[in-house]
Amino acid sequence: MQKDLQPKDRTPLAEQEAGSRQSRNRKLARFGIVFAFLGLLLFAYFVRKAGLDQILVGIKRLGWGFILILAISSVRQTVRSLAWMKCFEAPYHLRFRDAFAARIMGDALGNIVPLASMAVAEPSKAAFVTDRVPLMASLSAIALENIFYSLSVAVFIFSGTVALLLAFPLKPALRYASFGILAATIVIVLLGYVIIRKQLKFLSGSLSFLHGRGVARDWMGKTIPRAQTLEARVYGFYDRNRNRLALILALEMCFHLAGVIEIYTSLWFISDVVAPTLLTAFVLESVNRVIIVAFKFIPFRLGIDEAGTGMLAKALGFTQAIGVTLAIVRKARDIFWTALGVALIVRRGLSLSGIRERGGRSSLQEQEAVALDDK
């Protein structure tokens, strides 16, 4: 009788969660449409300001060189997939083709789902490989890989900003913005260092605080044990796998190095005004990282890339049209990988609800395994 009652008891809660999720998704979709529209207007403005004819000439100069750009960008996808694989601990491991496909599909979701890129992209990668490894193992590996990636981003942005300040004459606004980026980077790195060094229960502690004040008690009660397990695995990785740390960080830095080479190659084809150098490519890529971090909530960073890259390119001695063209080429590269990711999702017969369902089933199995271990 107890078994017969369980579905009935769970149905109202499940329906309530589904309704809440649908309502939240509708709100996000509305905001996403607004931001996409504003981004499109900004995109059109900077394209017109830079000169559509000059941009088209630059794109024609690139021509089949775009294939080379895609090849270089595939290196970036590869090294981050390898870094994710290195973050798994025995007895779990992930094949390269599974990690590569999951990464592309997850990033595609992050690009097309408005205002929820980080919240959607990273967990979905773990959900895509639940037929290979348990959800908690892949989530832990994803969290670790993102920690290493964030560290590499901080180092890269800091270095690029210092190079910009030292090597180029800047207008006051750009100089002050650069000092602000340096200060923010230092604060974030120090905060991250304290959290990891002292192994602060940042995630589970925050959830427990909210749970104690009656916020979403049912959801919090289920999530807190998983958050504690995730934190334990992440913090324990350092002690158990010190021999891997340098390799993982090196792979993450290769991601940025490939980005510099990609920009240098693009400018080599596009620019007819100033010959590109590795220094200018380095500065442009570091600023591009800032734009990606700050404006990830805007689909494909419409208009933002063109504005930022166009103004910075002008400050580095190129024309604004060359900067806008570079941003458009990079956007075309993102669209290519997004289209490939969507194609892989469709090929698997998956949908957003299907991904959530798969993750939910794996999460339930993982929670039961954790409960058995505790006993």
Side-chain angles (χ1 to χ4, degrees), residues 27-63 65-66 69-70 72-73 76 107-118 120-121 157 160 171 173-174 177 181 259 262-267 269-273 276 280-281 283-342:
K27 290 178 182 178
L28 288 174
R30 293 192 197 103
F31 280 113
I33 291 171
V34 171
F35 279 116
F37 179 71
L38 293 175
L40 191 60
L41 290 178
L42 192 62
F43 174 83
Y45 170 77
F46 277 99
V47 166
R48 182 178 179 183
K49 184 178 179 181
L52 180 59
D53 292 339
Q54 295 181 56
I55 293 172
L56 291 176
V57 168
I59 292 174
K60 288 179 181 177
R61 283 198 201 98
L62 177 63
F66 185 63
I69 300 303
L70 292 179
I72 297 171
S73 68
R76 309 182 83 191
D107 285 348
L109 285 178
N111 284 330
I112 62 179
V113 176
L115 297 180
S117 177
M118 193 68 175
V120 171
I157 288 175
K171 292 183 179 180
L174 187 54
I181 291 171
E262 181 186 315
I263 286 186
Y264 178 85
T265 304
S266 299
L267 290 174
F269 282 99
I270 293 170
S271 178
D272 62 341
V273 178
T280 54
V283 171
L284 280 165
E285 174 62 13
S286 64
V287 172
N288 183 261
R289 286 297 103 195
V290 176
I291 293 173
I292 290 174
V293 171
F295 297 98
K296 207 167 179 65
F297 59 91
I298 297 179
F300 291 104
R301 299 171 306 282
L302 264 175
I304 302 298
D305 275 342
E306 289 69 27
T309 308
M311 288 187 288
L312 181 61
K314 192 174 181 180
L316 297 180
F318 300 95
T319 65
Q320 188 172 13
I322 290 173
V324 173
T325 305
L326 175 62
I328 291 173
V329 170
R330 292 169 71 86
K331 192 171 271 75
R333 174 211 64 190
D334 288 341
I335 291 173
F336 168 83
W337 288 109
T338 299
L340 181 58
V342 171

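We count residues from 1, following the sequence as given.
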* Salt bridge flag under 4.0 Å for residues Lys331 and Asp305 ->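 Salt bridge between Lys331 and Asp305, a charged N being under 4.0 Å from a carboxylate O: yes.
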* **Pair Glu306 + Arg48: basic N to acidic O under 4.0 Å** =>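 The answer is no: the pair does not qualify as a salt bridge.
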* Other residues, nucleotides, ligands: >12 heavy atoms within 6.0 Å of Phe336 CZ ->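 Yes, enclosed.
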For residues [X] and [Y], determine if any side-chain heavy atom of one lies less than 4.5 Å from a side-chain heavy atom of the other.
X      : Y      : answer
Phe318 : Thr280 : yes
Glu262 : Arg330 : yes
Val47  : Ile328 : yes
Gln320 : Gln54  : no
Val324 : Thr309 : no
Leu70  : Arg333 : yes
Leu56  : Thr325 : no
Leu302 : Leu42  : no

Which atom of [X] lies closest to which atom of [Y], heavy atoms considered:
X      : Y      : answer
Ile270 : Gly58  : CG1-O, 3.9 Å
Ile291 : Gly308 : CD1-CA, 4.1 Å
Ala313 : Gly323 : CB-CA, 3.6 Å
Ser286 : Gly160 : OG-CA, 3.4 Å

[atom1] of [X] to [atom2] of [Y]: how many Å apart, nearest 0.5 Å?
X      : Y      : atom1 : atom2 : answer
Ile72  : Ser266 : CD1   : OG    : 7.0 Å
Tyr264 : Ser271 : OH    : OG    : 11.0 Å
Asn288 : Ile263 : CG    : CD1   : 5.5 Å
Met311 : Phe46  : CE    : CZ    : 5.0 Å

* Could you pull out all residues at least two apart from Arg61 that satisfy salt bridge (charged side-chain N to carboxylate O under 4.0 Å, His left out)? =>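 Here the qualifying residues are Asp272.
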* Asked: Run the side chain to side chain contact (heavy atoms under 4.5 Å, CB included) check on Val342 and Leu109 step by step: do they pass?
  -> CA-CA 8 Å; Val342 171; Leu109 285 178; over 6 Å; no
* Asked: side chain to side chain contact (heavy atoms under 4.5 Å, CB included) between Thr338 and Asp107: does it pass, once the steps are laid out?
  -> CA-CA 7 Å; Thr338 299; Asp107 285 348; over 6 Å; no
